[in-house]
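Computed from a predicted model, the values in this text were never measured in an experiment. Quick note: residue numbers are just sequence positions, from 1.
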Amino acid sequence: MTPEQLAAAIRGALVSAVDSGDLSVTVPDEVRVERPRNREHGDWSTNIALQLAKPAGMNPRELATSLAERLRALEGVAAVDVAGPGFLNITLDAASAGELARSIVEAGTAFGHSEAEAGRVVNLEFISANPTGPLHIGHTRWAALGDAMRRLLDATGATVTAEYYINDAGAQMDKFGASVLARAAGQEPPEDGYPGEYVADRAREVLAQRPDLLELPREEALAVARDLGYVTQLEAIRRTLDRFGVRFDVWFSERTLHEGGAVEQAVERLRTQGHVFDEEGAVWLRTTDFTDDKDRVLIRANGEPTYFAADAAYYLSKKDRGFDEKVYLLGADHHGYINRLKAIAACAGDDPEHNIEVKIGQLVAIAGQRMGKRLGNAIYMDELIEWIGSDAVRYSLSRYPSDSPLSLDGEELRKQTNDNPVFYVQYAHARTANVARLAAEDGVHRADGFDASLLSDPTEAALLAALGDFPRVVAQAAHLLEPHRVARYLEELAARFHKWYDTCRVRPMNADEEVTDLHRTRLWLNDATRQVLANGLDLLGVSAPERM
């Protein structure tokens with residue numbers, strides 16, 4: 001019996017109680033079941049009696065006791081206990097619990113997927129680094145977390161668009177162009193330019209396309225160096241993200257907001273909402289009406305729009321494109337943006353508590369080194385992948401909440417030991433694959449038999465309990481946008497699998513031992529574990545190796 005089947009059975013018992021006149025209440029469309037924290041309290045628990053007691057006009061324990069009698073009559077239910085103020089703790093018999101193994105194998109890659117977030121329409125913007133240099137470790141954290149969030153939302157039925165905002169307008173692009181031109185001429189970049197070695201690579205690429213670069217008038221040469229350098233750098237960023245397994249549905253250029261008049265239109269739209277005012281020759285947005293610490297300038301007195309004006313135009317673009325939720329994943333130095341962006345949402349007529357969410361990622365350190373493209377001492381994503389490996393980087397960055405500062409030990413993440421979490425989980429998957437290979441050599445095949453009642457060992461009950469919890473973990477991680485919940489779940493699942501592996505054999509002990517349904521049924525459980533490990537790793541963008 002799967003959690004979904006049990007939840008449906010509980011709802012059926014409620015409907016039956018209403019139909020018989022024992023209960024007068026509107027039965028909810030869905031009933032939730034969860035794993036009790038203490039396994040001694042049963043396989044599943046529900047607080048449905050607590051939820052319905054008041055509308056039913058009954059004491060919660062009285063309602064729970066009445067419902068427990070009906071549940072005990074269900075096939076596959078071994079025991080039902082009423083606990084505390086009215087919780088129902090349900091224990092399944094071995095056969096019903098074991099059926100989960102077959103259900104998982106038959107569901108395959110779809111197990112854990114649901115429609116829990118159906119109806120959500122989300123624009124998920126992450127990384128959005130200036131195209132003035134390679135992605136560094138700070139961007140890498142958002143690449144890992146943002147892509148995992150996208151995968152989780154997609155797996156739970158949401159309509160999600162992953163978006164990269166290209167900051168390709170403004171003074172930094174001009175400084176980048178000046179740096180590329182200087183390198184092309186064999187000179188050092190300007191003092192306020194970009195000294196990283198990659199700038200020389202961009203300069204060579206620009207010269208390959210425009211051999212006449214250094215013969216052009218200074219202003220024309222600067223424009224060519226900036227624009228061609230931008231294109232080649234953006235392509236380098238795309239290649240890095242492809243290598244890291246991260247994809248975007250939309251690459252949105254900031255330039256288009258300025259060139260298409262969207263910034264000016266945004267100012268006028270906000271003015272019609274009554275939140276724009278003029279003062280000292282500048283145009284302001286009254287964001288203090290919506291928790292911001294000060295009002296923000298949209299258009300300077302000299303007529304030039306501010307970055308904030310582009311932020312407002314960009315938010316309105318997302319709104320116009322039909323995104324109900326706009327999620328921003330920003331770096332640690334962007335904490336001040338939270339109130340500003342929420343104020344923009346409010347000024348645009350949205351609910352800042354629903355239509356926008358701003359997540360701030362804390363710093364990541366390796367060996368205490370500070371990073372910055374302009375300082376030329378960054379640890380780049382490409383280097384991390386080369387040094388540690390994409391899987392280890394993605395997993396280690398996904399297993400912590402985004403607001404937790406991180407200090408990673410690259411050499412520890414390269415080790416193939418159980419102390420390395422990504423190795424521990426991937427090794428569990430590889431071990432399940434090895435069990436299946438060896439079982440096949442010994443003539444153990446799933447198709448030859450399955451008897452769920454044989455999965456009666458305590459380690460099997462514990463493993464099945466963990467497997468059954470996967471859909472709930474995925475749904476919760478998607479709803480909260482917290483991929484670390486999946487990573488921590490996988491580590492617990494791997495631990496239970498390793499313990500089961502040490503206790504229960506799938507293969508016969510020797511050539512003389514007959515292959516029985518016990519071996520075959522345990523193979524189903526082994527393969528169910530492999531499927532869940534693979535599904536969970538895929539949600540984090542991490543591979544599930546067959547051999548290690």
Side-chain angles (χ1 to χ4, degrees), residues 1-2 39-40 43 76 78 91-109 111 391 415-470 489-537 542-548:
M1 183 181 295
T2 66
R39 284 284 294 121
E40 294 181 358
D43 295 315
T91 302
L92 303 179
D93 61 34
S96 295
E99 279 292 337
L100 179 65
R102 179 156 57 185
S103 298
I104 292 171
V105 173
E106 291 175 347
T109 57
F111 185 74
D391 283 345
K415 291 181 179 178
Q416 294 195 349
T417 67
N418 287 341
D419 293 331
N420 179 357
V422 65
F423 173 81
Y424 186 68
V425 174
Q426 286 184 315
Y427 178 63
H429 182 271
R431 181 176 255 186
T432 63
N434 188 56
V435 167
R437 282 193 298 270
L438 295 176
E441 292 176 6
D442 291 344
V444 181
H445 304 289
R446 290 200 317 257
D448 293 340
F450 178 77
D451 183 351
S453 66
L454 299 175
L455 299 177
S456 57
D457 188 89
T459 62
E460 290 169 331
L463 182 55
L464 284 163
L467 292 171
D469 210 24
F470 182 59
Y489 164 83
L490 291 174
E491 290 163 34
E492 174 63 22
L493 177 61
R496 295 196 186 190
F497 168 75
H498 290 311
K499 189 171 183 179
W500 172 73
Y501 176 89
D502 292 337
T503 304
C504 299
R505 289 187 61 85
V506 174
R507 304 164 59 200
M509 186 71 70
N510 52 58
D512 296 330
E513 183 180 350
E514 179 186 358
V515 175
T516 68
D517 277 349
L518 177 60
H519 300 108
R520 300 181 188 105
T521 305
R522 283 177 173 170
L523 180 59
W524 281 89
L525 180 55
N526 174 81
D527 291 357
T529 306
R530 177 171 53 169
Q531 189 66 66
V532 173
L533 287 168
N535 291 1
L537 286 168
V542 177
S543 70
E546 298 282 321
R547 300 175 188 269
M548 292 184 73

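Ion pair D517/R520 flagged as a salt bridge, since at least one NZ, NE, NH1 or NH2 atom sits closer than 4.0 Å to an Asp/Glu carboxylate oxygen. The pair R496-E492 counts as a salt bridge, with a side-chain nitrogen and a carboxylate oxygen less than 4.0 angstrom apart.
Taking CG from N434 and CE from M548, the interatomic distance works out to 12.5 Å, rounded to the nearest 0.5 Å. The CG atom of L518 sits 8.0 Å away from the OG atom of S456 when rounded to the nearest 0.5 Å. Atom-to-atom distance recorded for R102:CZ and R446:CZ is 11.0 Å, nearest 0.5 angstrom. Within the model, atoms CG of L490 and NE2 of H429 stand 11.0 Å from one another, a figure rounded to the nearest 0.5 Å. Residue L533 holds its CG atom at 10.5 Å from CD of Q426, rounded to the nearest 0.5 Å.
Residues E546 and A433 approach most closely at OE1-CB, 3.2 Å, considering heavy atoms. When all heavy atoms of R505 and H519 are compared, the closest pair comes out as O-CD2, 4.4 Å. Nearest heavy atom pair, residue I104 against residue A528, reads CG2-O, 3.6 Å. The minimum heavy-atom distance linking N526 with T432 is given by the pair ND2-O, 3.0 Å. Between A439 and V506, the shortest heavy-atom distance links the atoms CB-CG1, 4.1 Å. For F423 against Q416, the heavy-atom pair with the smallest separation is CE1-CB, 3.4 Å.
A donor-acceptor contact shorter than 3.5 Å is absent between the side chain of D527 and the backbone of V105. Checked by atom type and distance alone, the side chain of N535 pairs as donor or acceptor with a backbone atom of G108 at under 3.5 Å.
In the model, D419 has no side-chain atom that pairs as donor or acceptor with a side-chain atom of T417 under 3.5 Å.
For the side chain to side chain donor-acceptor pair (under 3.5 Å) test, residues two or more places apart in sequence or in another chain that qualify with D451 are S453. Scanning for ring-ring contact (aromatic ring centres under 6.0 Å, His included) contacts around Y489 gives F470, with sequence neighbours left out. For the side chain to side chain donor-acceptor pair (under 3.5 Å) test, no residue two or more places apart in sequence or in another chain qualifies with S103.
Aromatic ring pairs are classed by plane angle as parallel below 30°, tilted from 30° to 60° and perpendicular above 60°; the pair W500 and F497 is tilted.
More than 12 heavy atoms of other residues, nucleotides or ligands sit less than 6.0 Å from atom OH of Y424.
Contact check for V515 versus D442: no side-chain heavy atoms found under the 4.5 Å cut-off. Looking at heavy atoms from C-beta onward, L467 lies in side-chain contact with L525 at the 4.5 angstrom threshold. Considering only heavy atoms from C-beta on, V444 comes within 4.5 Å of P508 through its side chain.
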- salt bridge (Lys or Arg N to Asp or Glu O under 4.0 Å) between E460 and R522: does it pass, once the steps are laid out? CA-CA 9 Å; E460 290 169 331; R522 283 177 173 170; 2.9 Å; yes
